[in-house]
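Please read all numbers here as calculations on a predicted model, not as lab measurements.
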Amino acid sequence: MKKNWRPLLQGPLADQALRTVREIADALEAGSSSGRSAFQSSLAGGQAGQALFYAYLALQSSDEPLADRAAALLDQAADELANTPMYPSLYSGFPGVAWTMEHLQGILFEVPDEEAEGEQEDPFLEIDEALLVPLERSPWQGEYDLIGGLSGLGVYALERLPRPTAAAILAGVVNRLAELADVSEEGAAWFSQPDRLPDWQREIHSRGNYNLGVAHGLPGVLPILAGACAAGVAVDKARPLLDGAVRFLLARRLDPELGSCFDTTYAPWEPPRSSRLAWCYGDPGIAAALLASARAVGNSEWEREAIEVGLASAARPESSSLIRDAGLCHGAAGLGHIFNRMYQETGDERLAEAGRFWFERTLGLQAPGVGIAGYRAWEIDPVTKEPGWRTEPGFLEGAAGVGLALLAAASDIEPNWDRVLLISLKTPPKD
């Protein structure tokens, strides 16, 4: 844990945040929600994501029953992982459950010393081997993104380093990304053909596009390539691909008059548009991912660009944010946490002020008597296609993620869980 992580919130606001965190913990344990059964064990919306929340709260409070709750949720997720077919995707599949278990080593469970570790069987070796099989096939038939594709597998591999199988997975991810990339004088990028787009996006982008969101696009590739370079894995391919991808991204900077630094997508035949403020799509997520990448490879120019985009995001008025709910993905707590992370990394008080602003909004969005401890998610119903409120317990869009962000804002425990959002990176072990 970072020893100089400091609480962003102080006084009554910090007290309110910690009370709200406890209310979320109590409501989740009381079973006041019914998450989507298809993601019962998942990182995004299920038991793995909730286990992250309880584990970090236990670490902050030294409350053993909370640690027991986290361990029980992980056991339930592990049972489903062992007995139910799951997708090989980070946020909704078995790699995300395994990532959570790996990440919580040392928080929930005692980490064996090197000698003892060498004598113990790696509990995730079979998962590593299962992921290596499709990664050896060329060309890659799946997606390249963070949520469900190659970048997500890269997150899992980075968490598992320096194990040899993790390095092999990461090298496989880099190899497949290199094969899929469009490389030109403009740089390197990954084009989404129309038939790979969701129906609603295909209606807007009938000829396809380059996705510029962290969750589903190029910005979510950057920290994977940077992490590979920092770890010395497949550097001969990862570094030129990283340089090209950053060059392509930065060339997409918009005219300031449009209201944001980047669009959500890019296609030469489409006019540029302003984007929302969010992690999944928008300037804040891009800024944080670029900053993490710049720090990993020691590129001061990229760092300067990232901070500039972050400060522009921090200065944008709330009226242009399109914020409706509090979740990490595209809500107020997600913005508060991104600005908090960037503040902790840079010390820029303007980022701290933006973080406090959005955490105040997060607390203000709590509506007693509804959802989970007063929090609900605003989303488009996948069946009716109509927007509306949904009770959501999970990490990515729901109450567990809100609780984690508030906890990070009001405590001195570094939120290393945000590595799964690619706004921070695991530091390779020193020789």
Side-chain angles (χ1 to χ4, degrees), residues 16-57 66 69-70 72-74 76-77 80 84 86 89 91-93 96-97 100 147 198 200 215 276 278-280 321-337 358-409 417 420-421:
Q16 183 182 357
L18 291 174
R19 283 197 304 272
T20 301
V21 170
R22 282 290 184 162
E23 290 169 6
I24 291 171
D26 292 343
L28 286 171
E29 187 170 12
S32 60
S33 66
S34 54
R36 293 167 288 184
S37 60
F39 302 102
Q40 182 176 344
S41 66
S42 73
L43 171 61
Q47 294 148 345
Q50 292 179 50
L52 270 183
F53 166 65
Y54 280 105
Y56 273 85
L57 182 54
L66 290 171
R69 173 68 175 157
L73 285 163
L74 276 187
Q76 295 170 32
E80 183 170 345
T84 305
M86 298 179 70
S89 61
Y91 274 85
S92 62
V97 178
T100 306
I147 296 295
W200 68 271
R276 68 191 304 167
W279 167 77
C280 54
S321 68
L322 301 182
I323 294 296
R324 297 289 298 267
D325 62 11
L328 290 177
C329 184
H330 46 257
L335 287 181
H337 185 72
W358 285 108
F359 280 122
E360 288 183 12
R361 292 297 182 270
T362 299
L363 294 168
L365 286 169
Q366 189 178 25
V370 302
I372 300 170
Y375 288 105
R376 296 177 294 175
W378 178 264
E379 70 160 22
I380 304 296
D381 188 282
V383 177
T384 66
K385 309 300 182 185
E386 295 295 325
W389 292 105
R390 173 174 55 81
T391 296
E392 171 54 58
F395 166 79
L396 189 58
E397 298 183 27
V402 174
L404 278 165
L406 288 171
L407 183 65
W417 53 263
V420 81
L421 299 174

Here the gap from Thr362 atom OG1 to His337 atom NE2, rounded to the nearest 0.5 Å, amounts to 12.0 Å
| field | Val21 and Phe53: CA distance, side-chain angles, deciding distance, side chain to side chain contact (heavy atoms under 4.5 Å, CB included) verdict | value | CA-CA 9 Å; Val21 170; Phe53 166 65; 3.8 Å; yes
Quick one: are Glu392 and Glu379 in side-chain contact, heavy atoms under 4.5 Å?
no
For Trp378 and Pro387, the nearest pair of non-hydrogen atoms, with its separation, is CZ2-CB, 3.5 Å
The salt bridge (Lys or Arg N to Asp or Glu O under 4.0 Å) partners of Arg22 (sequence neighbours excluded) come to Asp63
Residue set satisfying ring-ring contact (aromatic ring centres under 6.0 Å, His included) with Phe359, at least two apart, ordered chain then number -> none
Output for pair (Met86 CE, Gln40 CD), nearest 0.5 Å, gives 9.5 Å
Checklist line | Donor-acceptor contact below 3.5 Å, side chain Tyr375 vs main chain Gly398 | finding: no
Exercise. Should Thr100 and Val420 count as side-chain neighbours, where that means a heavy-atom distance under 4.5 Å?
Worked result: no
Heavy-atom closest pair (Leu335 atom, Ile323 atom, distance to 0.1 Å) is CD1-CD1, 3.8 Å
To the nearest 0.5 Å, atom CZ of Arg19 lies from atom CD of Gln366 at 9.5 Å
Here the pair of heavy atoms bringing Ala400 nearest to Gly49 is CB-O, 4.2 Å
By side-chain hydrogen bond (donor to acceptor under 3.5 Å, both in side chains), Ser321 pairs with (sequence neighbours left out) none
For Cys280 and His330, the nearest pair of non-hydrogen atoms, with its separation, is SG-CB, 3.8 Å
Gly45 and Pro393 have their tightest heavy-atom pair at O-CG, 4.1 Å
When rounded to the nearest 0.5 Å, the distance separating CG of Leu73 from CD of Gln50 is 5.5 Å
In this structure, CD1 of Ile24 is separated from CG of Leu57 (nearest 0.5 Å) by 10.0 Å
### Query
If we only count heavy atoms from C-beta on, is the Trp279 to Leu396 side-chain gap below 4.5 Å?
yes
**Asked** Side chains of Asp325 and Val402: does their closest heavy-atom pair fall under 4.5 Å?
**Response** no
Here the gap from Gln76 atom CD to Gln47 atom CD, rounded to the nearest 0.5 Å, amounts to 4.5 Å
Taking every heavy atom of Val97 against every heavy atom of Ala77, the minimum-distance pair comes out as CG1-CB, 3.9 Å
